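The structure appears right after this line, and notes come after that.
A quick note: this is a predicted structure, and the numbers were derived from the prediction, not measured. Index from 1, following the sequence.
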Amino acid sequence: MESLTRTMAVFILWVIGSGVSWAQPIDPWLADGLNRQIQRNKEAAAAAPVYRPPSYSYYGALAMDEYGMAYGGWIASAGLLSNQLSTKPKAIAECEAAKPFGKCSIVATVSGGALALAWNSQNGHSAWATAQELDEAKQAALRQCGSPGCTIAYWQVVPQNTSSRQEGEGSHGWLPGDNAQLVSAMLQRQNVRLHETQIVLDRFAFISTSKDFINPKDAERVMMDSCHAAGLSTCRVAHTYADTCGAVAFAKVKGQPQYFTATDPEPRRAEDTALQQCADQLGTRHCFVYTAQCAGLAYGNRPSHPLTGAWKVNEKDKSLLATSAAEAQKDWQGRPEVAPATR
């Protein structure tokens with residue numbers, strides 16, 4: 001009897017687990033209970049979570065500098081909102097890595113599609129476009145570039161809802177390459193002015209001129225920071241000028257230098273004007289003038305890259321500045337004073 005009971009229990013459990021509906025003849029009450037249990041088992045199995053692999057979408061961004069020469073792109077999976085938000089600043093950082101002459105900003109973004117940048121190496125025109133397919137984005141960018149000489153310089157394919165998740169990837173480039181004439185033409189077309197700053201010392205006659213910068217504040221900062229880094233505590237800005245030539249004349253008055261500045265598109269005239277100012281005020285004797293320096297695209301100059309917050313004085317430039325100042329100080333000791341009778 002005990003063996004028969006055990007056998008019936010095993011049979012009932014098998015029926016419940018197998019999902020087989022109970023049939024007659026059997027006690028209707030028992031059959032109904034077994035069928036309800038089978039149905040509950042089915043519903044529980046249907047409600048069980050089904051594993052699905054994670055799905056990722058990607059976001060892409062394109063940044064360019066304000067003069068259309070440098071670009072930077074970044075693609076990253078965006079499973080988290082923070083990844084989406086970081087795509088734009090990273091694209092800008094890539095653009096800045098190309099050392100542009102101006103500020104970089106986002107010009108296009110894409111998610112679940114493609115992006116293409118077209119460039120004309122003849123005239124410096126560029127255009128970009130987005131589309132669902134890469135070929136469509138390339139063709140749209142070439143049409144907007146508007147010339148048979150346009151080619152695709154950069155492109156992105158940004159997947160959506162893919163099971164593959166990768167780390168962010170960026171790239172950057174300098175579109176004009178080493179074509180200095182094209183760079184000058186593009187900047188002239190946009191009426192870009194180049195600035196230089198000339199600094200002097202108050203303890204003895206000394207002058208130093210910056211490289212060309214689009215922003216005059218950059219020209220002044222690089223000279224003052226370099227001067228202080230070289231241990232020259234009495235340096236100051238004599239003048240800053242753009243798209244012309246600057247000259248500085250000086251005379252020794254009571255052991256101290258007195259400076260006179262002038263600008264002119266012709267460097268020799270700038271020198272003569274500064275020297276004449278000195279002579280008019282102090283007399284014709286013992287006035288000296290430094291060779292004029294010219295700023296601007298018209299003089300074949302190319303702008304220096306804008307300074308960043310992390311900019312530091314170049315050690316080589318600092319050493320050269322300190323050496324030049326030491327030589328000027330020795331020369332100063334032998335300079336004649338402006339005689340009282342000539343003033």
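- Checking side-chain atoms of E220 against main-chain N and O of T240 turns up no donor-acceptor pair under 3.5 Å.
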Test log, rule side-chain contact (heavy atoms from CB on, under 4.5 Å), inputs L187 and Y67: CA-CA 7 Å; L187 293 174; Y67 303 112; 4.0 Å; yes
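- Between D65 and K103 no salt bridge is recorded (no basic side-chain N to carboxylate O distance below 4.0 Å).
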message: Using the rule given for side-chain hydrogen bond (donor to acceptor under 3.5 Å, both in side chains), can you reason through Q276 versus D280, listing the C-alpha separation, both sets of side-chain angles and the distance that settles it, and then say yes or no?
response: CA-CA 6 Å; Q276 189 62 49; D280 289 345; 2.6 Å; yes
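- Residues M64 and L175 meet the side-chain proximity criterion, which asks for heavy atoms closer than 4.5 Å.
- Using a 4.5 Å heavy-atom threshold, the side chains of I152 and L142 count as touching.
- When side chains are defined from C-beta on, W119 counts as touching P176, because their heavy atoms get closer than 4.5 Å.
- Closest approach of N123 and L182 over heavy atoms only: C-CD1, 3.8 Å.
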side-chain hydrogen bond (donor to acceptor under 3.5 Å, both in side chains) between T197 and S210, worked out: CA-CA 5 Å; T197 288; S210 73; 4.7 Å; no
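- Within 6.0 Å of CD on E169 lie no more than 12 heavy atoms contributed by other residues, nucleotides or ligands.
- Crowding of Q256 atom CD: a count of heavy atoms from other residues, nucleotides or ligands under 6.0 Å exceeding 12.
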Stepwise side-chain contact (heavy atoms from CB on, under 4.5 Å) check, H195 with Y241: CA-CA 6 Å; H195 301 77; Y241 49 92; over 6 Å; no
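- V222 and L232 are assigned to two separate hydrophobic clusters, defined by single-linkage of ILVMFWY side chains at heavy-atom distances under 4.5 Å.
- Between the side chain of K252 and the main chain of W332, a donor-acceptor pair closer than 3.5 Å is present.
- In this structure, T273 contributes its side chain and R269 its backbone to a donor-acceptor pair below 3.5 Å.
- Contact of the L62 side chain with the W74 side chain is not registered, since no non-hydrogen atoms from C-beta on lie closer than 4.5 Å.
- Using cut-offs of 30° and 60° for the angle between ring planes, the Y154 and Y71 rings count as tilted.
- No more than 12 heavy atoms of other residues, nucleotides or ligands sit less than 6.0 Å from atom CZ of R268.
- Classification of the F101-H305 ring pair by plane angle, with boundaries at 30° and 60°, yields parallel.
- For residues 238-277, every residue pair satisfying the disulfide (SG to SG under 2.5 Å) rule, not counting sequence neighbours, is listed here: C245-C294.
- Scanning all heavy atoms of the two residues, the minimum distance from G296 to D243 falls at CA-OD1, 3.4 Å.
- Residues that satisfy the side-chain contact (heavy atoms from CB on, under 4.5 Å) test with N215, not counting sequence neighbours, are K217, D218.
- The pair E327-K330 does not meet the salt-bridge criterion, since no charged nitrogen lies less than 4.0 angstrom from a carboxylate oxygen.
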- request: Start with the C-alpha gap between R302 and D212, add the side-chain angles, then the distance that decides, and say whether side-chain contact (heavy atoms from CB on, under 4.5 Å) holds.
  value: CA-CA 7 Å; R302 182 171 173 170; D212 287 46; over 6 Å; no
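- With hydrogens and angles ignored, the 3.5 Å screen pairs no side-chain donor or acceptor of E271 with any backbone N or O of V289.
- W174 does not carry K99 over the face of its six-membered ring by the limits of under 6.0 Å from the centre and within 45° of the normal.
- Of all non-hydrogen atoms in C145 and A118, the two that sit nearest each other are CB-CB, 3.9 Å.
- W155 carries K138 over the face of its six-membered ring, with the cationic atom under 6.0 Å from the centre and within 45° of the normal.
- Looking at T244, its side chain does come within 3.5 Å of a backbone N or O of D264 through a donor-acceptor pair.
- Of all heavy-atom pairs spanning A262 and A274, the tightest one is CB-N, 3.5 Å.
- At least one side-chain heavy atom of L307 sits less than 4.5 Å from a side-chain heavy atom of R221.
- Residue Q188 qualifies as enclosed at atom CD: its count of foreign heavy atoms under 6.0 Å is above 12.
- Closest approach of S111 and V158 over heavy atoms only: CA-CG1, 4.1 Å.
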